[in-house]
Peer 1: 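One structure, as structure tokens, below. Some questions next.
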Amino acid sequence: MIVCVAVVGHQNNPLYIQSFTEADDALKLHHIVHCSLDVVDERVNNPKKSGPMLNETFLGLLYPTDNYKVYGYLTNTKVKFILVTTDLDVRDADVRNFFRKFHTAYVDAVSNPFHVPGKKITSRIFAERVSTIVKSFGLNSAG
């Protein structure tokens with residue numbers, strides 16, 4: 001089950017963070033997202049050590065914790081997508097598919113002429129699309 005998704009700007013500024021758990025977990029999830037940025041920077045700046053190709057946007061599993069797994073995705077404009085899940089046996093293909101849909105929703109949101117680049121994403125439609133994508137991910141992994 002997905003517990004948190006985040007969009008982080010190229011200067012590591014949070015553009016969108018949504019948690020899908022109780023309010024008391026929100027701060028812990030924000031901390032996990034923030035800590036994962038160090039791993040993303042390490043993989044981007046040292047591509048030989050981490051393995052993925054330079055043109056690969058999917059960063060894969062960033063790091064596991066006792067209760068969560070954290071995945072990352074990097075766009076061409078250096079915007080980072082972070083996914084935190086409680087499922088310990090998630091397939092990479094499912095996560096790639098999630099990020100592909102999430103990236104499409106992000107592009108649609110920032111293509112809005114009223115959106116200011118680099119500012120927080122406040123679109124209600126984007127939030128609804130993200131919720132729909134998260135719910136469909138839960139159904140796909142269960143079935």
Side-chain angles (χ1 to χ4, degrees), residues 1-23 25-65 67-142:
M1 177 177 118
I2 295 175
V3 293
C4 183
V5 293
V7 178
V8 181
H10 67 280
Q11 296 176 334
N12 289 341
N13 53 322
L15 301 177
Y16 180 83
I17 296 180
Q18 177 64 45
S19 58
F20 299 95
T21 62
E22 299 85 36
D25 283 347
L27 185 61
K28 181 166 75 170
L29 293 170
H30 285 236
H31 178 73
I32 289 172
V33 167
H34 183 72
C35 290
S36 68
L37 296 177
D38 292 335
V39 179
V40 171
D41 288 340
E42 181 180 322
R43 289 198 184 177
V44 170
N45 295 330
N46 302 320
K48 295 174 189 169
K49 294 179 182 176
S50 62
M53 303 291 285
L54 290 175
N55 60 356
E56 179 69 43
T57 57
F58 178 64
L59 299 174
L61 179 66
L62 298 179
Y63 69 93
T65 64
N67 301 322
Y68 304 110
K69 279 192 170 184
V70 183
Y71 293 89
Y73 183 93
L74 183 69
T75 68
N76 293 335
T77 57
K78 305 297 184 216
V79 173
K80 303 155 197 82
F81 299 156
I82 306 295
L83 168 70
V84 182
T85 179
T86 56
D87 294 331
L88 299 179
D89 58 345
V90 179
R91 295 183 309 155
D92 275 355
D94 292 338
V95 177
R96 283 178 190 264
N97 190 31
F98 169 83
F99 278 131
R100 192 175 306 114
K101 292 177 183 176
F102 191 74
H103 192 181
T104 302
Y106 168 77
V107 168
D108 290 345
V110 298
S111 297
N112 182 343
F114 298 107
H115 175 73
V116 178
K119 298 293 181 185
K120 290 191 180 232
I121 301 171
T122 58
S123 169
R124 180 182 48 83
I125 294 171
F126 177 72
E128 290 172 358
R129 283 187 68 184
V130 169
S131 294
T132 302
I133 294 168
V134 166
K135 288 176 186 171
S136 70
F137 180 84
L139 294 176
N140 290 339
S141 64

Peer 1: Would you compute the distance between atom CD1 of I2 and atom CD1 of I133 and round it to the nearest 0.5 angstrom?
Peer 2: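 Taking CD1 in I2 and CD1 in I133, the distance rounds to 9.0 Å.
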Peer 1: Which heavy atom of H115 sits nearest to which heavy atom of A109, and what is that distance?
Peer 2: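 In terms of heavy atoms, the two residues are closest at CB-O, 3.9 Å.
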Peer 1: Measure the OG-CG distance between S36 and L83 for me, rounded to the nearest 0.5 Å.
Peer 2: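 Reported to 0.5 Å precision, the distance equals 10.0 Å.
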Peer 1: With rounding to the nearest 0.5 angstrom, report the CZ to CZ distance, F99 to F137.
Peer 2: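 The CZ atom of F137 is 9.0 Å from CZ of F99, to the nearest 0.5 Å.
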Peer 1: Contact between V3 and N67 at the side-chain level, heavy atoms closer than 4.5 Å - yes or no?
Peer 2: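 No; the side chains remain at least 4.5 Å from each other.
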Peer 1: Using modelled atom types only, decide if a donor and an acceptor are shared between the side chain of T86 and the backbone of Y68 within a distance under 3.5 Å.
Peer 2: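 The answer is no, because no donor-acceptor pair under 3.5 Å joins these two groups.
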Peer 1: Find out whether V134 and F102 are in side-chain contact, i.e. whether some heavy atom of one side chain is under 4.5 Å from a heavy atom of the other.
Peer 2: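 No, too far: nothing below the 4.5 Å cut-off.
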Peer 1: Tell me if a side-chain donor or acceptor on R96 pairs with a main-chain N or O of F58 at a distance below 3.5 Å.
Peer 2: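 No.
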Peer 1: Which heavy atom of V33 sits nearest to which heavy atom of C4, and what is that distance?
Peer 2: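 Closest approach of V33 to C4, heavy atoms only: CG2-SG, 3.9 Å.
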Peer 1: If you round to the nearest 0.5 Å, how far is CG of N97 from CG of D92?
Peer 2: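 One finds 12.5 Å between CG of D92 and CG of N97.
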Peer 1: Determine whether a donor-acceptor pair (N or O, by modelled atom type, separation under 3.5 Å) exists between the side chain of K80 and the backbone of V7.
Peer 2: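 A pair under 3.5 Å: no.
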Peer 1: Ignoring hydrogens and geometry beyond distance, is a side-chain donor-acceptor pair present between T21 and S19 at under 3.5 Å?
Peer 2: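 There is no such pair between these side chains.
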Peer 1: Check L62 against R43 and note the closest heavy-atom contact, atom names and distance.
Peer 2: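 Between these two residues, the closest heavy atoms are O-NH2, 3.7 Å.
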Peer 1: Taking side chain to side chain donor-acceptor pair (under 3.5 Å) as the test, write out the residues that go with K69, two or more places apart.
Peer 2: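 Expected list: none.
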Peer 1: Would you say H30 has more than 12 foreign heavy atoms packed within less than 6.0 Å of its NE2?
Peer 2: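 Counting other residues, nucleotides and ligands, NE2 of H30 exceeds 12 neighbours.
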Peer 1: Using the side chain to side chain donor-acceptor pair (under 3.5 Å) criterion, which residues pair with N13? Sequence neighbours excluded.
Peer 2: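 Checked N13 against side chain to side chain donor-acceptor pair (under 3.5 Å); zero matches.
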Peer 1: Rounded at 0.5 Å granularity, tell me how far CZ in F81 sits from CG in L15.
Peer 2: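 Result: 9.0 Å between the selected atoms.
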Peer 1: Please check this pair: side chain of T85 against backbone of D87, looking for a donor-acceptor N/O pair closer than 3.5 Å.
Peer 2: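 Yes; judged by distance alone, with no hydrogens or angles, the pair exists.
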Peer 1: With side chains defined as the heavy atoms from C-beta onward, is the minimum distance between D41 and N12 less than 4.5 Å?
Peer 2: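 D41 reaches N12 side chain to side chain.
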Peer 1: Quick one: does Y63's side chain get under 4.5 Å of D38's, heavy atoms only?
Peer 2: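 Counting from C-beta outward, Y63 and D38 never come under 4.5 Å.
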Peer 1: For the atom pair CG (L29) and CD (Q18), what is the distance rounded to the nearest 0.5 Å?
Peer 2: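 Between L29 CG and Q18 CD, I get 10.5 Å after rounding to 0.5 Å.
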Peer 1: Search all heavy atoms of V40 against all heavy atoms of L59 and return the closest pair with its distance.
Peer 2: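 Answer, listing the atom of V40 first, then L59: CG1-CD1, 3.7 Å.
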Peer 1: Please state whether the rings of H103 and Y106 are parallel, tilted or perpendicular, taking 30° and 60° as the class boundaries.
Peer 2: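 It falls in the tilted class, 30° to 60°.
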Peer 1: Work out which heavy atom in Y73 is nearest to a heavy atom in T75; give both atom names and the distance.
Peer 2: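 Between these two residues, the closest heavy atoms are CE2-CG2, 4.1 Å.
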Peer 1: Would you give me the side-chain donor-acceptor pairs under 3.5 Å for residues 119-128, sequence neighbours excluded?
Peer 2:
| from | atom 1 | to | atom 2 | distance (Å) |
| --- | --- | --- | --- | --- |
| S123 | OG | I125 | N | 3.3 |
| S123 | OG | F126 | N | 3.2 |
| R124 | NH1 | E128 | OE2 | 3.0 |

